[in-house]
Amino acid sequence: MLLTISTTHEPATDLGYLLHKNPAKAQTFDLAFGQAHVFYPQAAENICTAALLLDIDPIALVRTRRGPAGAGRSLENYVNDRPYVASSFLSVAIAQVFGSALGGRSKDRPDLVDKPIPLKVTLAALPCRGGEAFLRKLFQPLGYQVAAEGRALDEQFPEWGASRCFDVTLECVMPLADMLSHLYVLIPVLDDDKHYWVGQDEVEKLLRHGEGWLADHPERDAIVRGYLKRQKHLANDALARLLEQDAGDPDEGEEQHAIEETAAEEKTSLNTQRLGAVLAALKSCGAGSVLDLGCGEGKLLRLLLGEKQFVKILGMDVSFRALEIAAERLHLQTMPEKKRARINLMHGSLNYRDRRLEGFEAACAVEVLEHLDPPRLAAFGRVVFEFARPNTMVITTPNREYNGQWETLPTGQLRHKDHRFEWTRAEFQAWANGIGERFGYRVSFLPVGPVHPEVGPPTQMGVFTHA
């Protein structure tokens, strides 16, 4: 099992300071499952390469019961690929042999710890149970150039076909600690196996080594489930905590922001009109099940519960506090059983696919889009229109052109401090029509609130229906 790390940062031998391993000598470390050897095939001013070679004894693993939980003494426990492929053994070796580098510590060159440097990593015989495509999905979003060369099961018997292993080269420019963290987490995910018991402490390791990159990774859910060996309760715990990281603190300043937005729209009682317009659109489409995406404190949910047409209602929000308030205001704990069976609340994010959102006839996102960072709108589009795919989707968002009609809103200022953007009518229609064309929806646009002859309504609403 071989890992090499190279850099052309000058002087390249600074790699030794970062890894805490002297390029001038080879070193051997005893591990629970064998030995790790560190040496430098090349160490010059312009290029330096460190190699980590693992020598694993599969017989000792079985005899000392250091292998996977429940391992017996069948032949397959002795004859396997573990000594030869990159696996969770390599992750453990990285943590134990390069622990200081993984933790971002360097006594002699602290100035280099956080400095992005050119790195080239090679992994011999890396198992990729999801194939090369999955390998690329894991590493490319993190800024790596990926090269993968497939291996035959046995070169003497080409008819046996290809193995699941690849010789992989990864190139990037980033701090060494970041790269090691990526390897530590992703190697076991690609192998889809671990040689040791996975418990709650593995959640803590995942969150620690995934800090700063895992919450935003497009394959976050697959990474979490793979790293935790698909133990549902552990994965759900990790994902919930990552959602909190991803959202920062969604409750921070929320009450003050809501007060400011309400004050800006007070004269027209706009929120009441907006909720009424959305409710009317949902009723008219004939849906019996509906999603309120970004349900907040449950104002629309209360209206939906008042309509017997809606027999299945799900409110989702990224804020735990908002969901707690919604549960209190809806009196869920004391609600009659028959009525309570119609509604559920869930914590989640619109940036990631969630199968719990699938199967609903209608959905809505009321004043939600503008709270998303623009780069995440593409993810929102896929989550809602490609994966959840309701028959009808209702979206409302502020019309920026109207903002000047409020005396309390200075020219050029957004309506809410947490808004990342606000669209003009033309911008919203261009985005909505693009989404419709991509995912097979027709879009109709309706005004909400008093319509100004020049700048239009304060709120614009798009109703998406299957084409």
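We count residues from 1, following the sequence as given. Heavy-atom basis, side chains included; hydrogens, waters and symmetry copies ignored. Values in this document were obtained by computation on a predicted structure and should not be read as measured data.
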Please find out if less than 6.0 Å separates the ring center of H182 from that of H209. no
Cation over ring, K312 on F360, under 6.0 Å and within 45°? yes
Please report the interatomic distance CG(N403) to CG(L414), rounded to the nearest 0.5 Å. 7.5 Å
Taking atom OH as the centre, does Y17 end up with more than 12 heavy-atom neighbours from other residues, nucleotides or ligands that are less than 6.0 angstrom away? no
I'd like to know if E337 and R340 make a salt bridge, using a cut-off of under 4.0 Å between side-chain N and carboxylate O. no
For N236, I'd like to know if atom CG has over 12 heavy atoms of other residues, nucleotides or ligands within 6.0 Å. yes
Closest contact, heavy atoms only, I223 versus V185: CG2-CG1, 3.8 Å
So is R442 actually on top of F464's ring, under 6.0 Å and inside 45° of the axis? no
Pairs flagged by ring-ring contact (aromatic ring centres under 6.0 Å, His included) wherever residues 278-319 is involved - sequence neighbours left out: none
How many angstroms lie between OG in S6 and CD1 in I47, if you round to the nearest 0.5 Å? 5.5 Å
Hits for ring-ring contact (aromatic ring centres under 6.0 Å, His included) against H466, two or more places apart or cross-chain, chain-then-number order -> Y441
Heavy-atom closest pair (A281 atom, V463 atom, distance to 0.1 Å) is CB-CG2, 4.3 Å
Can you check whether K120's main-chain N or O pairs, donor with acceptor, with E171's side chain at less than 3.5 Å? no
May I have the step-by-step check of side chain to side chain donor-acceptor pair (under 3.5 Å) for T459 and R274, ending in yes or no? CA-CA 8 Å; T459 292; R274 187 160 48 222; 3.0 Å; yes
With F139, which residues qualify under ring-ring contact (aromatic ring centres under 6.0 Å, His included), at least two apart? Y144
